[in-house]
Structures are given as structure tokens and as C-alpha cells.
Amino acid sequence: MAYIGFARSPYGPARTYEEILGELERRGFVVEFSRHHWMGDAPFGLIIAETSRGKVAVRWNLGDEFRLKLEEVGEEDVEEFIEDTLEYLSGD
């Protein structure tokens, strides 16, 4: 299984990364490896995690409160989501 997610966060990139990983663990995911991509001072980023329940990719942006929505998708869909987000972050 694979998951894509969308998060809103009032925090900067480092704290948002911690909050998202913490929320994944509260939802029963065991994070085995993770990485975080964001561009300079842009108000959004991408977190990719390998977990006990499959790959998780979460796109986050600034918002007034922390919240995270996850949806189960196919492996091809999560890879496309990651590719599209990374392309957007790089400005291509």
C-alpha cells in the first residue's frame, strides 16, 4: 500500500516535519526512513517516508492550524505525486 497526504501547518519546515512524522506514528505508521524537501523560504514542501505500512508522501503548506489528511493510493500514483511535487519545488 501507499499513501499520499496533504497537510496544513502554522510552523516552519523543521517543526512541520516533526509534526507530520509524529502524526503518522500516532496513526499507527512506524517510520523507517524519511526525507524532507522544501525550497528556500517557500511556504510548502514534501515529506517522503518509508513506513511499516508502505510509502507515504505528504505535501504540506502553511496554514492557520496543523492538520493532515491521508488517502490510500496505488504505488504508481504516489510516485507520480512525488515526481510532480519535486518538479514544482525545483521551479521546472
Side-chain angles (χ1 to χ4, degrees):
M1 285 186 237
Y3 298 83
I4 60 173
F6 301 92
R8 308 268 292 167
S9 175
Y11 312 115
R15 172 106 183 254
T16 296
Y17 181 60
E18 292 171 4
E19 293 288 328
I20 289 173
L21 293 182
E23 183 61 26
L24 288 175
E25 290 183 2
R26 283 188 286 283
R27 294 184 186 195
F29 292 83
V30 176
V31 178
E32 298 161 353
F33 175 79
S34 63
R35 60 191 182 272
H36 189 188
H37 301 271
W38 77 94
M39 180 180 67
D41 60 353
F44 54 88
L46 176 69
I47 295 170
I48 303 166
E50 298 292 337
T51 77
S52 59
R53 294 170 55 187
K55 185 177 277 188
V56 178
V58 177
R59 186 183 301 158
W60 66 266
N61 64 330
L62 288 178
D64 55 353
E65 64 181 351
F66 181 81
R67 61 181 175 234
L68 173 63
K69 178 182 136 191
L70 287 176
E71 56 186 75
E72 190 176 329
V73 297
E75 188 67 34
E76 292 173 7
D77 295 324
V78 78
E79 293 303 328
E80 184 176 325
F81 179 81
I82 291 169
E83 184 179 312
D84 289 348
T85 304
L86 290 175
E87 188 174 297
Y88 185 75
L89 282 168
S90 71
D92 291 343

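Along the sequence shown, residues are numbered consecutively beginning with 1.
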Practice task
Measure the shortest side-chain to side-chain distance between Y88 and L46 over non-hydrogen atoms and say whether it is less than 4.5 angstrom.
Solution key: no
Practice task
Using side chain to side chain contact (heavy atoms under 4.5 Å, CB included) as the criterion, list what pairs up with N61, not counting sequence neighbours.
Solution key: R8, F44
Problem - Counterpart residues, salt bridge (Lys or Arg N to Asp or Glu O under 4.0 Å), relative to R67 (two or more places apart) - result: E65
Exercise for the section: Could you list the residues that satisfy ring-ring contact (aromatic ring centres under 6.0 Å, His included) with Y11, not counting sequence neighbours? Expected result: none
Handout entry: Single-linkage hydrophobic cluster W60~V31, side-chain heavy atoms < 4.5 angstrom
Key = yes
Handout entry: Minimum-distance pair of heavy atoms, taken over all atoms of I82 and A57
Key = CG1-CB, 3.6 Å
Problem - For V30, the rest of its hydrophobic cluster, which grows through side-chain links under 4.5 angstrom - result: none
Completion exercise
Sorted by chain and number, sequence neighbours left out, side chain to side chain contact (heavy atoms under 4.5 Å, CB included) with E76 holds for none
Problem - Non-neighbouring partners of T51 that pass side-chain hydrogen bond (donor to acceptor under 3.5 Å, both in side chains), sequence neighbours left out - result: none
Exercise for the section: Determine the sole option in L21, L70, I4 for which the side chain to side chain contact (heavy atoms under 4.5 Å, CB included) test with V58 is passed. Expected result: L70
Exercise for the section: Establish whether V73 and I20 are linked, either directly or via other cluster members, by ILVMFWY side-chain heavy-atom contacts under 4.5 Å. Expected result: no
Handout entry: Partners passing side chain to side chain contact (heavy atoms under 4.5 Å, CB included) against E72 (at least two apart in sequence or in another chain)
Key = M1, Y3
Fill in the blank from the handout: So side-chain hydrogen bond (donor to acceptor under 3.5 Å, both in side chains) across residues 16-34, not counting sequence neighbours, yields S9-T16, R15-E19, Y17-S34, E23-R26, E23-R27
Problem - Listed partners of E75 passing side chain to side chain contact (heavy atoms under 4.5 Å, CB included), at least two apart - result: A2, K55, V78, E79
